[in-house]
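Worksheet: one structure, shown below.
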Amino acid sequence: MEDARNARTPLSADEIRALIEADHKHVWHPFTQMQEWVEQPCMIVAEGEGAYVIDVEGNRYLDGISSLWVNVHGHRRREIDDAIRAQLDRIAHSTLLGTASVPSIRLAERIIRLAPEGLTRVFYSDNGSTAVEVALKIAFQYWQQHEDPAKRKKKRIVSFHNAYHGDTLGAVSVGGIDLFHGKYGPLLFPVRKVHYPDCYRCRLGLASSECGIACLEELERLMEREADTLAALVIEPLVQGAAGMIMAPPGHLKAVETLCRKHDVLLIADEVAVGWGRTGTLFAVDQEDVRPDLLAMAKGLTGGYLPLAATLTTEPIYEAFLGPYEEEKTFFHGHSYTGNALAAAAALASVEIFEKENTMENLQPKIARLAEGLERFRDLEHVGDVRQRGFMVGIELVEDKSSKRSYPAGDRIGMKVAMEARRHGVLLRPLGDVMVLMPPFIITLDEIDTLLDVTYRCITSVT
Ligand SMILES: *Cc1c(COP(=O)(O)O)cnc(C)c1O
């Protein structure tokens, strides 16, 4: 087995050339300017092992972004590999429309045991975008079937500027990143938008230590004015990921929840990025004892193995969809691969590792090591801000530190730092000029030091 595997990597120079040629000819990469792509060195991943990915030439790279934030326990975790193989010997997939399946039942039970209190029901889908869309549709339909006709006016969603909830059109509607979402305006449904706290570039010009989260006033006013038409608020708890690792000050999330409760607006927590341990607790809402009405999870759910998502909700919301069939309270939503058996088996194994290995407890010293190692970045001439929440890190590069002026987008500074890091054996993917560090949880303290050293040196040499 082992020999056969090793014999496959590295590939021959001819094989590699043929692969690159075919990639350039046929594969359209996500979030990628393809004109730039075909001019860059093409790294093709062939294998993974723990915190490393290995390319077709056999070079090893420390995976500093957990394969775009999804990998949790490392690549090729025996327990997850075995769980998928065992499931494969039974069945790869069977539909949840009209039949149930063993792994999807077991997984739902396990998720609910660990999920924030009050969440009791699991609706499966395939990815973060669909998990958010499911939450939006449930929230909308919930009010439409409300017994009080006045409540049926609650149709509008509140979301945040610079939010990212995925790339399907419903998720784009509640998104707020102009570069990604701006063009699609005419295709989207209208949403009420408020600002997320951005303490580095505070719109009110206040210092975060003494602001009392004054930026909440905007949401407060909106709710007071329009609560009777507001169905739900969707938020990335604690950290706006894709926006550039923007981190809300402590108390913000709790205050948002309080406003939602006061004005009878459902709270949707998009934990697609922050869920499953990323912020240092199993779920981000746990940190402020917040109890969302709906919670979307995806990325880390299967340990980074297979596409699977879940939208969790409460008993009262679930019950609002019950009734005789002809009342049409059914939630008419589902995907071909909803609750896929292989993905559910992988997720179950991943969740079991959290429980068996005390993953969250073991992560705490690593979070501290990251924090220590990040301190020296603050003194760099072109590092404007260093943000960390648990195992999510954003290092913002700026052209001018005192005025916080960004580099021109065309300079591609973040991308250049990432390309330089790759030459030093570290795989990074920035968000604009924000360097993102989001390693798998099995990374060792020494590997954390390497990740930081390489990032530090590459920032210094490029800026
Ligand atoms: C990645 C992400 C999504 C979208 O998930 P996909 O699986 O890429 O569709 C939604 N919300 C947040 C916060 C994300 O980070």
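Just follow the structure's listing: the first ligand is 1, and inside any ligand the first atom is 1.
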| From Val272, Leu301, Thr168, Asp126 - option closest to atom 3 (C) of ligand 1 by heavy atom | Val272

| message | Tell me the protein heavy atom at minimum distance from atom 11 (N) of ligand 1, and give that distance in Å. | response | Asp270 OD2, 2.7 Å

| Judging by distance only, is a nitrogen or oxygen of Asn127 under 3.5 angstrom from one on ligand 1? | yes

| task | Give the atoms of ligand 1, by number and element, whose distance to some non-hydrogen atom of Gly128 is under 4.0 Å. | result | 4 (C), 5 (O), 6 (P), 7 (O), 9 (O)

| query | Of all heavy-atom pairs between Asn162 and Ala243, which one has the smallest distance, and what is that distance? | reply | O-CB, 3.2 Å

| query | Ring centres of Tyr124 and Tyr337 under 6.0 Å apart? | reply | no

| Do any N/O atoms on Ala298 end up under 3.5 angstrom from N/O atoms on ligand 1? | no

| task | Give yes if a backbone or side-chain nitrogen or oxygen of Trp69 is under 3.5 Å from a nitrogen or oxygen of ligand 1, and no if not. | result | no

| Ala273: numbered ligand 1 atoms lying under 4.0 Å from its heavy atoms | 15 (O)

| said: I'd like to know whether Arg201 forms a salt bridge (charged side-chain N to carboxylate O under 4.0 Å, His left out) with Asp198, so could you lay out the CA-CA distance, the side-chain angles of the two residues, the decisive distance to 0.1 Å, and finally the verdict. | reply: CA-CA 6 Å; Arg201 292 192 164 85; Asp198 181 353; 5.5 Å; no

| Which atom of Thr302 lies closest to which atom of Ala343, heavy atoms considered | CG2-O, 3.6 Å

| query | Which word best sums up how the rings of His195 and His161 line up, parallel for under 30°, tilted for 30 to 60°, or perpendicular for over 60°? | reply | tilted

| query | Among Leu219, Val256, Val234, which one satisfies side-chain contact (heavy atoms from CB on, under 4.5 Å) with Val158? | reply | Leu219

| message | Would you say atom 8 (O) of ligand 1 makes contact with the protein, given that contact here means a non-hydrogen protein atom less than 4.0 Å away? | response | no

| Numbered atoms and elements of ligand 1 in range of Ser129, under 4.0 angstrom, heavy atoms | 4 (C), 5 (O), 6 (P), 9 (O)

| task | Please determine if Lys366 forms a cation-pi arrangement with Phe391, meaning its NZ or CZ atom is less than 6.0 Å from the six-membered ring centre and no more than 45° off the ring axis. | result | no

| task | Could you tell me which atoms of ligand 1, counted from 1 in the order shown, lie closer than 4.0 angstrom to a heavy atom of Lys299? | result | 1 (C), 2 (C), 3 (C), 14 (C), 15 (O)

